[in-house]
Amino acid sequence: MSELRFPDNFVWGAATAAYQIEGAARDDGRGPSIWDTFSRTPGRVHAGHTGDVACDHYHRYADDVALMAELGLKAYRFSIAWPRIQPDGTGPVEPRGLDFYDRLTDALLDRGIDPIVTLYHWDLPQALEDRGGWTNRETAEHFAAYAAAVHGRLGDRIRTWTTLNEPWCSAYLGYGNGLHAPGVRDAGAAFAAVHHLLLGHGLAVRALRAGGAEVVGITLNPAQVQPADLDSAADAAAVRLVDGLQNRIFLDPLTGAGYPADVLEHVSRMVEPTFVRNGDEKLIAAPIDLLGINYYAPTYVAGRPDGAGGSAYPGTEGAVEFLPATGPCSDMGWAIEPAGLGRLLDRFAADYPGLPLMITENGGAFPDRVIEDGPDSTGRVADADRIDYLDGHLRAAHAAIGRGVDLRGYLVWSLLDNFEWAEGYRKRFGIVHVDYLTQRRTPKASARWYQEVISRNGL
Ligand code: FCB
């Protein structure tokens with residue numbers, strides 16, 4: 001097979017998030033986050049797992065960075081834990097929290113790895129949640145102040161700043177169906193959260209720019225929505241509704257078009273959107289330099305008057321049926337369909353042209369196990385299914401670049417096995433296996449495969 005080469009300067013990397021890997025939940029003045037509270041609430045997270053220790057990355061970051069260097073990563077996307085910087089979410093910064101990210105940043109730069117920062121990957125300070133969290137407009141302002149504080153310390157060394165990770169999840173899973181922290185189940189709260197997250201993004205972009213940040217963006221998890229039947233008008237309407245709730249409600253205001261009328265009309269059936277104030281849409285539309293896309297699987301829907309709808313899609317009951325995945329699936333039960341990534345990238349190029357893209361997450365959970373080949377073995381993990389997954393998605397990304405999509409990089413989710421939110425530690429997404437009892441790291445076969453991809457800049 002002929003070799004597929006990616007553009008020069010294509011960014012190859014891996015991604016993680018603070019609560020999922022750091023542990024050290026009480027070190028150096030860190031305050032509690034909504035995930036500390038949620039994971040301690042019985043029945044919320046699989047087997048009562050918490051992020052208290054996780055991969056102990058807070059203490060092992062130097063070794064983890066050495067491993068990234070060994071794998072040849074050009075970039076590393078990590079998130080900053082807001083409760084380490086402002087234990088109560090507002091007010092004076094905790095210098096020891098900033099010191100950690102300072103050390104991490106320097107360790108990455110020493111190894112020639114470009115740090116890509118996410119300011120918010122879901123770990124809201126609990127003190128802010130006690131005042132309404134993202135349903136409270138003030139949280140957006142606090143977020144911008146926090147962003148400025150972090151940038152003030154790290155802005156001299158970090159080029160690429162992303163404000164939020166997947167605000168869809170924060171809003172709809174956090175406040176809509178309650179599957180994620182803070183576990184609220186209220187459609188109106190979910191839509192207020194969507195707006196305040198977007199407003200927080202806009203205010204943070206403004207603060208980052210004022211501080212001189214070079215590249216500023218946001219990461220979304222856009223749905224690649226497909227109709228069950230390509231010829232059905234009802235299915236097309238279901239696609240439009242779901243696309244509105246997951247994609248256009250974020251993308252249109254972010255790109256300056258304001259909230260789409262059909263989405264506002266849908267939202268108004270559940271809540272009067274008085275939280276949208278004059279001037280907000282202008283703030284949200286602050287220009288960005290990069291859009292991060294997290295893609296795992298497509299979403300198939302049908303339009304049905306008796307449809308059960310989706311708990312993460314308020315107002316879809318009695319209109320939409322979400323179809324179960326058919327064909328090969330990952331350990332999450334998510335369909336493995338690389339062509340979905342291609343369709344998604346094409347859609348961005350067509351509907352939101354001129355916006356440079358980066359795949360900021362893509363990967364698969366599989367039931368990996370470490371094989372010990374003898375008493376002196378350091379262990380190995382034969383994760384051919386993950387290699388297939390990554391290979392398929394990289395081929396789809398490569399083809400999209402060939403069709404003219406402005407894709408700048410690819411970050412695998414994830415560097416390490418980690419705390420997979422409500423699933424706890426039972427789902428493994430890493431290219432590096434983590435034994436949670438010993439904290440031993442074992443690069444899986446996929447890590448060695450990825451190392452080769454990076455060194456050849458292709459497949
Ligand atoms: C994404 C999250 C990330 C990880 C993957 C599997 O939605 O951003 O933290 O949990 O899913």
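Residue numbers start at 1 and run along the sequence shown. Both ligands and their constituent atoms are indexed starting at 1 by order of listing.
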Practice prompt. Give me the one residue out of N294, N221, T360 that meets side-chain hydrogen bond (donor to acceptor under 3.5 Å, both in side chains) with N165.
Written response: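 For N165, the side-chain hydrogen bond (donor to acceptor under 3.5 Å, both in side chains) check succeeds only for N294.
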Worksheet item: With a 4.5 Å limit on heavy-atom distance, are the side chains of Y295 and E361 in contact?
Response: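 They are not in side-chain contact.
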Fill in: Sub-4.5 Å side-chain heavy-atom contact between L164 and T219
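A side-chain contact is absent here, since even the closest heavy-atom pair is not under 4.5 Å.
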Worksheet item: Say you draw a straight line from CZ of R369 to CZ of R380; how long is it, rounded to the nearest 0.5 Å?
Response: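 These two atoms lie 9.5 Å from each other.
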In terms of atom number and element, which parts of ligand 1 are under 4.0 angstrom from non-hydrogen atoms of [X]?
X	answer
N165	8 (O)
W421	3 (C), 4 (C), 9 (O), 10 (O)
W413	3 (C), 4 (C), 5 (C), 6 (C), 9 (O)

Check this for me - ligand 1, [X], N or O atoms closer than 3.5 angstrom, yes or no?
X	result
E420	yes
E166	yes
W334	no

Worksheet item: Could a heavy atom of N221 be found less than 4.0 Å from some atom of ligand 1?
Response: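 Flag not set, N221 not near ligand 1.
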Fill in: Aromatic plane relationship, F6 with W12 - under 30° parallel, 30 to 60° tilted, over 60° perpendicular
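Perpendicular: the ring planes of W12 and F6 meet at over 60°.
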Fill in: Nearest-option assignment for atom 5 (C) of ligand 1, heavy atoms, candidates Y19, Y295, F429, Y296
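Selected option, by shortest heavy-atom distance: Y296.
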Discussion item. Tell me the nearest of K427, E361, H121 to atom 1 (C) of ligand 1, using heavy-atom distances.
Written reply: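 Ranked by closest heavy atom to atom 1 (C) of ligand 1, first place is E361.
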Discussion item. With a sphere of 6.0 Å drawn around CZ of R60, does it hold more than 12 non-hydrogen atoms of other residues, nucleotides or ligands?
Written reply: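 Counting other residues, nucleotides and ligands, CZ of R60 exceeds 12 neighbours.
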Item to complete: Please work out whether any backbone atom (N, CA, C, O) or any side-chain heavy atom from C-beta onward of M332 is under 4.0 Å from ligand 1, and answer side chain, backbone, both or neither.
Response: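 For M332, no heavy atom sits under 4.0 Å from ligand 1.
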Practice prompt. Validate the cation-pi geometry between R84 and Y58: distance from NZ or CZ to the six-membered ring centre under 6.0 Å, angle to the ring axis within 45°.
Written response: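 Judged by the rule, R84 and Y58 form a cation-pi pair.
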